[in-house]
Each structure stands twice: as C-alpha cells, then as structure tokens.
Amino acid sequence: MDEITMAEVAELAGFAKGTVFIYFPTKEALFLEMLGREISAWVDEVNAVLTSGPGRWSTTRVARLIAESMSARVLLTRLLPLLSGVLERNLDNARLLEFKTNLLAQLESMGALLERRLDFLQPGEGIRVTLRIYAVVIGVRILCAPGAGAREVLARPEMQPLVVDFDEELMTMMLATLQGLELRTQ
C-alpha cells in the first residue's frame, strides 16, 4: 500500500488528484472502501450458498465453502491483514463507525446462517465463527506473503517445509477450527 500514491490512483481512474480527495481524504479511506466492497461481495456469495437447500451441513462442507470462496478473492485476502494495523490508523471515526456497522451486520447475517447449518453452534455463536474465519485468513495470508529476501531463502530446497500454500493451508485451518468447535459439544 505504501507504494501506491493518490496521484497514481487518480490517474488510473481518469480523475484529477483533487477530485479523488473529495471522496477519499486518505489512501486508507480508499482502501477501506475497497475492502468493504470486497467483504460485501464475499458475504453475499457465501450467504447465497448457505441459504440454498435444506438441512444441516458437515464441518467439511462449511470449511470447503469458506476456503474456496476466500481463495477466489485475492484482493480481499490481501486487504484484510491491513485493516487493523494500517487502514484503521488514519481514518476519521465517522468513516470507521460506518465501516464497522456494515461489517457487523454482514457478519451477523452470515453467522446466523452458519448456526442454521452447523448443529453444534448455539444462537449467537455464528458471529464468533466469522471472526475466527477472519483471523485464520489473515494469519494464512501473512504466512504466504513473505518479503523478497524471505522468498529467495524459501526457494532453497531445504526450506520447502516452511513454504505455505494459501489454498491448502486455509482449508486445513478452517476445518480444524470448525472441528475444534464441534468437539467441545461432545
């Protein structure tokens, strides 16, 4: 994000730099808007699948849905790790409140659907599951995005055990998270 300037954004969008600043006073505000749109599209996609068909689902089915839908959204998985550490630090409270309010509503809707599909979730626990999804995605994405020097080191054959495949690790971690929650009820 540091490499991108608002002047470059304006040029790519075909606007004057000043025009972009009317809508987005900082880069963080622009990226937050992008993140909000990505989250909304992802939640809509997942919710549409969760509402199709009757019955309870297995942890494997839910983990696969989450992992596959997240894997297809590279921009979302790259913006999520920036939210707490970068984006929220240079935003006005009104913009942040609006983002968080929308996020809460979206995650509550997904959480309620997860509660209907997973019989081990109690009412109100679905939102906690969505927050765990968020945490897992951030952790896995960070592990899969080492710096240039680290990529060079990790390319060495003896370092292959430290290389993390995003899709594979996300599925494994989602399944472990959901199965762990399921085990506590047995």
Side-chain angles (χ1 to χ4, degrees), residues 28-145 164 166-186:
E28 291 82 2
L30 174 63
F31 279 88
L32 187 71
E33 178 67 24
M34 291 170 54
L35 177 58
R37 289 175 188 229
E38 285 293 311
I39 290 171
S40 291
W42 176 71
V43 168
D44 289 348
E45 174 190 336
V46 171
N47 284 356
V49 176
L50 287 171
T51 57
S52 64
R56 297 296 193 160
W57 286 18
S58 68
T59 54
T60 303
R61 186 172 178 188
V62 172
R64 185 172 293 114
L65 168 63
I66 299 301
E68 289 177 357
S69 64
M70 229 3 128
S71 292
R73 296 190 171 276
V74 176
L75 180 59
L76 175 58
T77 65
R78 290 193 175 162
L79 287 173
L80 279 174
L82 299 176
L83 181 60
S84 295
V86 177
L87 300 181
E88 292 179 352
R89 297 191 186 267
N90 194 20
L91 294 169
D92 61 85
N93 284 349
R95 192 177 298 265
L96 192 53
L97 177 61
E98 179 183 357
F99 175 82
K100 293 286 190 178
T101 300
N102 290 334
L103 178 64
L104 177 60
Q106 291 169 359
L107 296 185
E108 283 177 335
S109 72
M110 182 186 286
L113 292 172
L114 288 170
E115 290 167 15
R116 288 191 4 218
R117 292 299 187 178
L118 297 170
D119 58 3
F120 57 87
L121 291 179
Q122 299 299 312
E125 285 187 317
I127 185 114
R128 302 306 304 169
V129 171
T130 65
L131 291 174
R132 288 180 179 113
I133 291 167
Y134 168 71
V136 167
V137 168
I138 289 171
V140 174
R141 175 50 70 200
I142 288 171
L143 283 174
C144 294
V164 178
F166 182 80
D167 296 338
E168 179 182 324
E169 197 62 33
L170 184 58
M171 178 60 189
T172 300
M173 294 300 296
M174 288 310 324
L175 189 56
T177 299
L178 292 172
Q179 287 175 338
L181 289 169
E182 184 176 31
L183 282 175
R184 70 174 182 173
T185 62
Q186 296 175 352

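The neighbour count for Glu98 CD, taken as heavy atoms of other residues, nucleotides or ligands under 6.0 Å away, does not exceed 12.
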Exercise for review: Might you work through the side-chain contact (heavy atoms from CB on, under 4.5 Å) test for Leu75 and Met34, ending with a clear yes or no?
Suggested key: CA-CA 9 Å; Leu75 180 59; Met34 291 170 54; 4.0 Å; yes
**Study point:** Step-by-step salt bridge (Lys or Arg N to Asp or Glu O under 4.0 Å) determination, Glu28 to Arg95
**Key:** CA-CA 11 Å; Glu28 291 82 2; Arg95 192 177 298 265; over 6 Å; no
Check your understanding: Where do Leu104 and Thr101 land on the side-chain contact (heavy atoms from CB on, under 4.5 Å) test, with the steps shown first?
Key -> CA-CA 5 Å; Leu104 177 60; Thr101 300; 5.8 Å; no
Check your understanding: Could you go step by step and tell me if Met70 and Leu80 meet the side-chain contact (heavy atoms from CB on, under 4.5 Å) rule?
Key -> CA-CA 11 Å; Met70 229 3 128; Leu80 279 174; 4.3 Å; yes
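Side chains of Arg128 and Leu131 form a contact here, defined as non-hydrogen atoms less than 4.5 Å apart.
Phe166 and Val137 make their closest contact through CE1-O, 4.2 Å (heavy atoms, listed as atom of the first residue, atom of the second, distance). Among all heavy-atom pairs drawn from Val46 and Ser69, the shortest one is CG2-OG, 3.5 Å. Residue Gly126 comes nearest to Leu121 through the heavy atom pair CA-CD1, 4.4 Å, listed as atom of the first residue, atom of the second, then distance. Closest of all the heavy-atom pairs between Glu33 and Arg37 is OE2-NE, 2.8 Å. Val74 approaches Thr77 most closely through the heavy-atom pair O-OG1, 3.0 Å.
Rounding to the nearest 0.5 Å places CG of Leu113 at 11.0 Å from CG of Leu118. Atom OH of Tyr134 sits about 10.0 Å away from atom CG of Leu107, to the nearest 0.5 Å. In this structure, Arg117 CZ and Leu114 CG are separated by 10.0 Å, a value rounded to the nearest 0.5 Å. Of the inter-residue distances, the one linking Phe99 atom CZ with Leu83 atom CG reads 5.0 Å to the nearest 0.5 angstrom.
The residues Arg78 and Glu38 are annotated as not salt-bridged, no charged nitrogen and carboxylate oxygen being separated by less than 4.0 angstrom. Salt bridge status for Glu182 with Arg56: absent, with no side-chain N to carboxylate O gap under 4.0 Å.
No side-chain donor-acceptor contact under 3.5 Å links Glu125 to the backbone of Glu115. In this structure, the side chain of Arg184 engages the main chain of Leu181 through a donor-acceptor pair within 3.5 Å. The closest donor-acceptor contact from the side chain of Glu108 to the backbone of Ile127 lies at 3.5 Å or more, if one exists at all.
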Indicate every side-chain donor-acceptor pair of residues 60-67 with a distance under 3.5 Å to a residue at least two apart or in another chain.
none

Would you tabulate the side-chain donor-acceptor contacts of residues 168-180 under 3.5 Å, counting partners in other chains and residues two or more places apart, or write 'none'?
| unit_1 | atom_1 | unit_2 | atom_2 | d |
| --- | --- | --- | --- | --- |
| Thr172 | OG1 | Glu168 | O | 3.0 |
| Thr177 | OG1 | Met173 | O | 2.8 |

